[in-house]
Amino acid sequence: MTAETCTQPHVTEPRISVPAPGELPRLLPGGPGPVHLRAHLAGLGPPPYRGGAGLLIASAEAAGLTGRGGAAFPAHRKMAAVARAGRRAVVVGNGAEGEPASSKDAVLLWQSPHLVLDGLQLAGEAVGARSAVLYLHRHDGLRQHLQAALAQRAAAGIDRITAELIEAPPRFLSGEESALVSLANGGPARPRFKQPPVFQKGIGGRPTLVQNVETLAHLALIARLGAPWFRSLGTAQEPGSMLCSVTRADGSRSVLEAALGTRLDRVLALGGRVQAVLCGGYHGAWLAAATAARLSLRNADLQPAGASVGAGVLAALPDDRCGLVETARVARYLALESAGQCGPCRNGLPRIAAALAALAEPGADPRVLSDLRRWAGLVASRGACRHPDGTVRFVRSALTVFAAEIDRHIQGACSAASRAPFLPVPRETEIDESGWR
């Protein structure tokens with residue numbers, strides 16, 4: 001299943017079936033094309049409402065469901081915090097993946113929209129929500145597809161909360177939950193500084209539950225099939241499966257579902273042409289290929305190596321590219337995409353990006369390396385949001401994994417046979433105030 005699936009026309013109507021314990025796929029249909037409401041209801045039935053607030057939260061806790069948007073925060077804890085507030089809550093399905101290398105949310109929303117929308121309704125009931133929002137980046141085809149799905153559900157009378165679509169601007173940070181709330185409240189889609197958490201005061205000043213759309217799809221299956229079924233995949237500490245946006249060394253891209261604990265070399269088809277693996281996307285970390293081949297898709301393995309599962313973004317860098325050049329291109333993009341609300345973003349990230357660009361050229365001044373390390377230390381943990389921290393994590397990992405390449409560059413050489421861009425970076429655009437709305 002390719003990352004471009006979300007732009008395909010509706011050709012067939014695959015039926016969705018109940019996955020057996022331990023079987024994949026769980027979230028995506030086996031055949032091509034999205035699942036129509038008729039096929040969804042024939043396979044899974046209507047949303048299994050519990051009849052009151054709070055009743056599904058225990059199932060989410062027993063399943064060990066964590067957020068699939070990147071932070072892996074326990075889903076039941078976010079739900080419980082909003083439910084306790086008890087003030088006409090809002091529930092949000094967040095499908096605005098700003099990560100350029102990620103397409104799993106868009107594919108899920110295209111292929112299995114009703115699984116996500118079931119989860120949105122069930123999460124809304126669990127926290128006592130009166131309104132629901134589906135948040136996604138601007139894409140005419142996907143918006144129309146989801147509007148049609150919502151209309152089908154309204155005609156069938158299966159939803160208890162009216163869901164509204166809100167589109168985010170094409171910015172890296174616009175999917176951050178406080179940026180989401182700011183846009184929904186009429187402001188720019190920028191992260192807020194020193195704000196009360198959104199579970200206390202979010203959209204319209206009301207307690208707001210924000211869950212990634214993949215998390216909601218898992219919740220919809222847990223509500224039907226139970227915690228033991230969910231735990232039949234994955235590990236005891238990190239149960240279940242997750243969608244991964246995969247870029248292989250040959251440049252092919254796809255979205256696939258893997259059990260947590262699956263070896264990275266199986267997910268990425270690692271071979272002799274791979275020099276490094278980017279794990280967790282542009283706020284993630286580089287791993288040497290030999291290190292990645294020994295690790296699995298779970299935080300217990302990855303965190304000691306300085307990486308994390310994140311939102312399931314994995315990229316295998318081929319051995320004909322320069323890791324420093326790729327890192328410099330991405331760092332420039334991240335610096336341009338900052339919200340510019342604090343010193344680390346306004347000053348630190350541009351300096352880091354410029355220093356990396358200098359280091360990526362053969363004959364680099366060795367003093368640039370010490371500047372990079374010093375600036376990274378000054379930026380870390382001082383931003384208005386986590387953007388500087390994520391960028392520094394990515395940059396620091398490159399300085400370690402590509403240390404031998406740094407030495408070559410300082411000596412006036414580069415090992416790359418090709419400087420053709422490998423990692424996806426959007427076309428540069430100047431961001432003014434209108435770019436955040």
Side-chain angles (χ1 to χ4, degrees), residues 5-6 8-19 26-29 31 33-53 55-56 59-60 79 88-96 105-168 180 184 203 208-225 243:
T5 304
C6 64
Q8 299 287 326
H10 183 172
V11 177
T12 61
E13 187 180 319
R15 293 180 64 85
I16 192 166
S17 58
V18 177
R26 290 180 166 186
L27 301 180
L28 300 175
V35 177
H36 190 276
L37 182 60
R38 287 190 304 269
H40 177 78
L41 293 176
L44 295 177
Y49 295 107
R50 293 301 197 263
L55 300 179
L56 184 59
S59 296
M79 295 166 70
R88 296 170 55 245
V90 181
V91 61
V92 180
N94 189 356
D105 289 344
V107 168
L108 176 64
L109 286 166
W110 184 268
Q111 294 275 23
S112 302
H114 296 291
L115 199 59
V116 174
L117 294 170
D118 282 355
L120 187 66
Q121 292 292 319
L122 293 165
E125 181 193 48
V127 301
R130 302 289 183 87
S131 57
V133 169
L134 190 58
Y135 186 71
L136 62 152
H137 278 301
R138 291 168 189 159
H139 185 292
D140 289 343
L142 185 57
R143 182 188 69 247
Q144 293 165 8
H145 180 60
L146 292 170
Q147 286 173 334
L150 289 169
Q152 293 164 10
R153 297 171 70 90
I158 62 173
D159 288 348
R160 298 184 177 180
I161 307 171
T162 300
E164 173 190 5
L165 289 179
I166 295 180
E167 292 184 302
L180 178 162
I203 295 176
T208 300
L209 173 69
V210 179
Q211 293 283 21
N212 176 259
V213 291
E214 183 190 341
T215 311
L216 294 174
H218 284 295
L219 184 67
L221 291 175
I222 291 168
R224 290 175 167 95
L225 304 174
L243 297 177

Let me confirm one number: the [atom1]-[atom2] distance from [X] to [Y], rounded to the nearest 0.5 Å.
X	Y	atom1	atom2	result
R26	L243	CZ	CG	12.0 Å
L136	R143	CG	CZ	9.0 Å
L56	Y49	CG	OH	11.5 Å

Heavy atoms, side chains only, cut-off 4.5 Å: are [X] and [Y] in contact?
X	Y	result
S112	P29	yes
L150	T162	no
S59	I222	yes
M79	L219	yes
E167	Y135	no
L165	Q147	yes

Of all the heavy-atom pairs spanning [X] and [Y], show the shortest one and how long it is.
X	Y	value
G93	L216	CA-CD1, 3.5 Å
L122	A223	CD1-CB, 3.8 Å
L209	A123	CD2-CB, 4.0 Å
V91	G124	CG1-CA, 3.8 Å
A217	L108	CB-CD2, 4.1 Å
L120	V92	CD1-C, 3.9 Å

Under 3.5 Å, is there a donor-acceptor pair between the side chain of [X] and the main chain of [Y]?
X	Y	result
D159	I161	no
S131	V90	no
R224	L44	yes
Q111	V35	no
Q121	R160	yes
H36	A39	no
Q211	N94	no

Side chain to side chain contact (heavy atoms under 4.5 Å, CB included) with A149: which residues, sequence neighbours excluded?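 Residues passing side chain to side chain contact (heavy atoms under 4.5 Å, CB included) with A149: P113, H114, L117.
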Working for side-chain contact (heavy atoms from CB on, under 4.5 Å), residues L221 and L27: CA-CA 9 Å; L221 291 175; L27 301 180; 3.9 Å; yes
Going by atom types alone, do D118 and H40 pair a side-chain donor with an acceptor below 3.5 Å?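 Yes, because at least one side-chain N or O of D118 sits under 3.5 Å from a partner of the opposite role on H40.
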Could you check whether R50 pairs with E125 (Lys NZ or Arg NE/NH1/NH2 to Asp/Glu carboxylate O, under 4.0 Å)?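 Answer for the salt bridge query: no.
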Please determine whether side-chain contact (heavy atoms from CB on, under 4.5 Å) holds for the pair L180 and I203, giving the CA-CA distance in whole Å, both sets of side-chain angles, and the decisive distance to 0.1 Å. CA-CA 9 Å; L180 178 162; I203 295 176; 4.3 Å; yes
